[in-house]
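A quick note: this is a predicted structure, and the numbers were derived from the prediction, not measured.
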Amino acid sequence: IALADIALPNKPKSVNYSHIKNKDKRQKFVGKMKMQQKDLKTANRREKLSKREAGEQIYDGWTRTIEKTREFDETIVPEDDEEVLKDEGLDEFASYFDGSKTPKIMMTTCVKPQAKLFNLMKELKWVIPNCFYYKRAKYTLKQIIEYAKKADFTDLIVFTEKAGAPNGMYIVHLPEGPTAYYKMTSTKLGADMKGGAALQADLEPEIVMNNFTTRLGHRCQRQLASLFPQRPNYRGRRVIAFHNQRDFVFFRHYRYAFRKEFSKTSLQEIGPRFCLKMRYMQHGVFDAKHGEYEFVWRPDSQVNRKKMAM
């Protein structure tokens, strides 16, 4: 059998050549098939790119993902839902979004923190405007909350650690809550990023919240966004992004630059970066014994990966 006598497929798909007993010939057919698939894929990609640049509408197909096949959830909020908009206009965070109140953040640690936790807090102190660090000492969380209320702080952030590395984060909205605890993973400091950018801390960032679709997602989104002033200074070209994907909230900090006479933009990551997963949200300020919980994550609640809360 000659190599040129076998017609290879015109589109990428697997072909079985097990009927060819000679190993060398079989490998030649398989190698030619793979090269043809690769060339066809490259040609299709270039053709789509040229059509898109010419202004044509291109259908890229539909990729099946776990997030796209999520189970139906009655708490998913439709766009421009009047009832939800009215509720959010009267909630605990409304005064921060209408500009009548400016966030003032108190930041502290767990008892006896290690150096890695301080390195993260050093960077976050400059990322979050109007943020102040206080030493934890031996005060309880309830004592710290009472002090923060008297000092007119709007939010309290408490970082926890495990095995010397950042492990979690409490966010207590003052004076009346809610309180949320997030598990923190995949932490990377801006100082450890290759080609990282410098930070202009005096210019307020733009806030981008993405893919928070349910009522709980809206609560989480507004709590995280209320940590930052809602008056971005566009001269700084700083962007804070919170992206929710399958109940994991990814935090990123970028600076963007315009290229080719403002026709294109590029992103440069400033850092730090980390991933958050909500463990619980409690109504009111922190109360471990008598608190009323709005949401509690349980390991058995996520056996089905297509079931998502946010």
Side-chain angles (χ1 to χ4, degrees), residues 67 103 105-136 141 144 155-173 179-201 204-212 217 220-221 223-228 236 238-256 267-281 286 295 297 299 302 305 308-310:
E67 194 165 14
I105 313 300
M106 179 179 178
M107 183 186 297
T108 187
T109 65
C110 57
V111 180
K112 297 181 180 180
Q114 302 296 318
K116 289 184 180 179
L117 187 58
F118 280 112
N119 292 336
L120 174 63
M121 294 179 63
K122 285 177 185 177
E123 295 194 2
L124 284 177
K125 185 180 181 300
W126 296 107
V127 172
I128 305 175
N130 205 22
C131 183
F132 303 90
Y133 166 72
Y134 284 76
K135 186 177 179 181
R136 173 67 181 264
L141 191 53
I144 297 174
D155 290 273
L156 170 66
I157 304 178
V158 182
F159 292 92
T160 62
E161 65 179 4
K162 184 178 182 180
N167 179 59
M169 179 175 66
Y170 289 91
I171 300 180
V172 185
H173 188 69
T179 301
Y181 175 68
Y182 297 89
K183 186 81 170 179
M184 181 183 292
T185 56
S186 305
T187 304
K188 188 172 183 178
L189 300 177
D192 299 332
M193 293 181 182
K194 186 177 179 180
L199 170 65
Q200 288 182 289
E204 289 81 2
E206 303 173 48
I207 310 300
V208 177
M209 313 298 293
N210 187 37
N211 205 27
F212 295 87
C220 173
Q221 166 186 310
Q223 184 187 43
L224 294 173
S226 65
L227 299 175
F228 300 86
R238 287 175 56 204
V239 178
I240 301 289
F242 290 94
H243 172 70
N244 172 47
Q245 187 169 349
R246 292 170 52 190
D247 294 345
F248 291 92
V249 181
F250 297 89
F251 173 87
R252 296 293 185 268
H253 183 202
Y254 297 105
R255 184 174 66 184
Y256 59 87
L267 290 176
Q268 186 178 20
E269 190 167 2
I270 301 175
R273 67 164 69 164
F274 48 83
C275 178
L276 301 174
K277 184 171 179 63
M278 182 186 288
R279 292 306 200 202
Y280 67 79
M281 177 172 280
F286 178 80
F295 169 78
W297 179 85
Q302 212 166 22
R305 294 192 297 170
M308 305 169 197
M310 296 196 297

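For Glu204, there are no side-chain hydrogen bond (donor to acceptor under 3.5 Å, both in side chains) partners at least two apart in sequence or on another chain. For Gln114, the side-chain hydrogen bond (donor to acceptor under 3.5 Å, both in side chains) test picks out no residue, with sequence neighbours left out. Listed by chain and residue number, Arg273 satisfy the salt bridge (Lys or Arg N to Asp or Glu O under 4.0 Å) test with Glu269 (two or more places apart in sequence, or in another chain). For the side-chain hydrogen bond (donor to acceptor under 3.5 Å, both in side chains) test, residues two or more places apart in sequence or in another chain that qualify with Lys183 are Asn167. For Arg255, the side-chain hydrogen bond (donor to acceptor under 3.5 Å, both in side chains) partners are Gln268, not counting sequence neighbours. Residues meeting the ring-ring contact (aromatic ring centres under 6.0 Å, His included) test with Phe286, sequence neighbours left out: Tyr170.
A side-chain donor-acceptor contact under 3.5 Å links Asp247 to the backbone of Ala309. With hydrogens and angles ignored, the 3.5 Å screen pairs a side-chain donor or acceptor of Asn130 with a backbone N or O of Pro103. Formation of a donor-acceptor pair under 3.5 Å by the Gln221 side chain with backbone atoms of Met209 is not found in this model. Thr160 contributes a side-chain N or O that, together with a main-chain N or O of Gly168, makes up a donor-acceptor pair within less than 3.5 Å.
A distance of 6.0 Å separates CG of Leu141 from CZ of Arg136, quoted to the nearest 0.5 Å.
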Next item on the list: Could you walk me through whether Asn211 and Glu67 pass the side chain to side chain contact (heavy atoms under 4.5 Å, CB included) test, one step at a time?
Entry: CA-CA 11 Å; Asn211 205 27; Glu67 194 165 14; 2.4 Å; yes

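Atom NZ of Lys116 sits in a sparse spot, with 12 or fewer heavy atoms from other residues, nucleotides or ligands closer than 6.0 Å. By the neighbour-count criterion of 12 heavy atoms within 6.0 Å, atom CZ of Arg305 is sparsely surrounded, having that number or fewer from other residues, nucleotides or ligands.
Nearest heavy-atom pair, Gln223 versus Ala180, reported as atom, atom and distance to 0.1 Å: OE1-CB, 3.4 Å.
In this structure, Phe250 has its ring center no closer than 6.0 Å to that of Phe242.
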